2 protein chains.
Amino acid sequence: MAGINATFQALSDPTRREILRMLREKDLTAGEIADHFHISRPSISHHLSILKNATLVLDERKGQFIYYSLNTSVLEEVMGWFAGFIDKGGDS
Amino acid sequence: MAGINATFQALSDPTRREILRMLREKDLTAGEIADHFHISRPSISHHLSILKNATLVLDERKGQFIYYSLNTSVLEEVMGWFAGFIDKGGDS
DNA sequence: TAGATATTTAGATATTTATCTAAATATCAA
DNA sequence: TTGATATTTAGATAAATATCTAAATATCTA
C-alpha cells in the first residue's frame, strides 16, 4: 500500500536490513530486537514503524509484548521488481 | 566493490531508479539523462556519481560526451541478495 | 589559440533522517 | 488500584542528502 518507494527507502538502512534478517529465524518482540543493537529502544521502535509502513513486517500484540514478523510476500514483490526490471518488463 | 549498502542506498532514490530505467533502453549521455528531469545538470551528475560508485552504471567518455550504461550484473546480484534472503541462505 | 559545448567539482542551503531523552500509553500482576 | 514491564510518541538535535548557482575541466571546431 505504501508503494515501492517506501519499500526501497525502508531497505536502504543497514539496521533495518539487519532487523529483517533477524526475523527470518523467528518472530521477535520489539525488546528482543532492540537487545541486539546498541541503539535506544525508541530508535528501534522508529525503525520498526518504517518497516511496518512499508509492510515489510507485520506486528501483533500479545499481552504486554508486540511481536514482529517478516512479511515475505513483500520481499518477493521487490524481487519481482528486479526480475521485471532486468528483462525490461517491469514498470518499476 | 562499494558493497551492498551503497547499492541499496543508491536504489533508495526515485530519480536514480528512473535513470536506471532509462538506461535499460539504451546508453545515454549525462545531458540526455538530465533533459528528462526538472533538475539541474550538476544534481543529475551527482546522482550519476552515486550510481557509478555503487557500480550500478558504467561510464565511458566519447569525445565531449560521457555515455552511461546499465551494469546489469549488479542488478542481478541484488536480486540474488533477495532470493538468498528469502530462502535463508543469504548473509546479505 | 579562441570560442563553444558537455560534464563535473566546489561551496552553500534547505530538507530529511537517525538518534537521543523524557513522557505517554498499554498490559500484567499483586 | 498501584507498581512494574513493554512499547510507542513527542520533541530536540546532529548528520546525511538533494538541490542550487558559479566555477573548473575536458573536448571539439574554426
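Fair warning: this is a prediction, and the values are worked out from it, not measured in the lab. A note on names: the letters A, B, ... follow the listed sequences, proteins ahead of strands, and every chain is numbered from 1.
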Given atom CG of A:Leu48 and atom P of C:dA18, what is their separation to the nearest angstrom? 13 Å

Under-4.0 Å salt bridge between A:Arg41 and A:Asp35: yes

Between CD of B:Glu60 and P of C:dT7 the distance, given in whole Å, is 14 Å

Give a yes/no on whether any side-chain N or O of A:Tyr68 is located under 4.0 angstrom from OP1 or OP2 of D:dT8. yes

With a 4.5 Å limit on heavy-atom distance, are the side chains of B:Leu56 and B:Thr7 in contact? yes

From CD1 of A:Ile50 across to C1' of D:dT8 the rounded distance in Å is 14 Å

Rounding to an integer number of Å, can you tell me how far A:Tyr67 OH sits from D:dT7 P? 9 Å

C:dT9, OP1 or OP2 - any side-chain N/O from B:Ser45 closer than 4.0 Å? no

Within the 4.5 Å heavy-atom criterion, are B:Glu60 and B:Ile66 side-chain neighbours or not? no

Length of the CD1-P vector between A:Ile33 and D:dA6, whole Å: 14 Å

Does D:dT8 have OP1 or OP2 under 4.0 Å away from a side-chain N or O of A:Ser49? no

Do B:Ile19 and B:Ile39 land in one hydrophobic cluster if side-chain heavy atoms of ILVMFWY residues count as linked below 4.5 Å? yes

In one Ile/Leu/Val/Met/Phe/Trp/Tyr side-chain cluster, 4.5 Å: B:Leu58, B:Leu75: no

Whole-Å distance, B:Asn5 CG to C:dA18 C1', equals 14 Å

Rounded distance (Å) that lies between atom P of D:dA6 and atom CG of A:Leu28: 15 Å

Between which residue ranges does DNA chain D form stems of three or more consecutive Watson-Crick or G-U wobble pairs, both distances under 3.5 Å? C:1-30 with D:1-30

5' to 3', nucleotides 19-30 of chain C under a 4.0 Å protein heavy-atom cut-off (B base, S sugar-phosphate only, - none) gives BBBB----BS--

Measure from NZ or CZ of A:Arg61 to the centre of the six-membered ring of A:Tyr67, then state whether that distance is under 6.0 Å and the direction lies within 45° of the axis. no

What is the ring orientation for B:Phe8 with B:Trp81, classed by angle as parallel under 30°, tilted 30 to 60°, or perpendicular over 60°? perpendicular

C:dA18 P sits how many Å from A:Ile19 CD1, rounded? 11 Å

Euclidean distance, A:Thr15 OG1 relative to A:Leu20 CG, rounded to 0.5 Å: 11.0 Å

Is the charged tip of B:Arg21 near the ring of A:Phe85: under 6.0 Å from the six-membered ring centre and within 45° of its axis? no

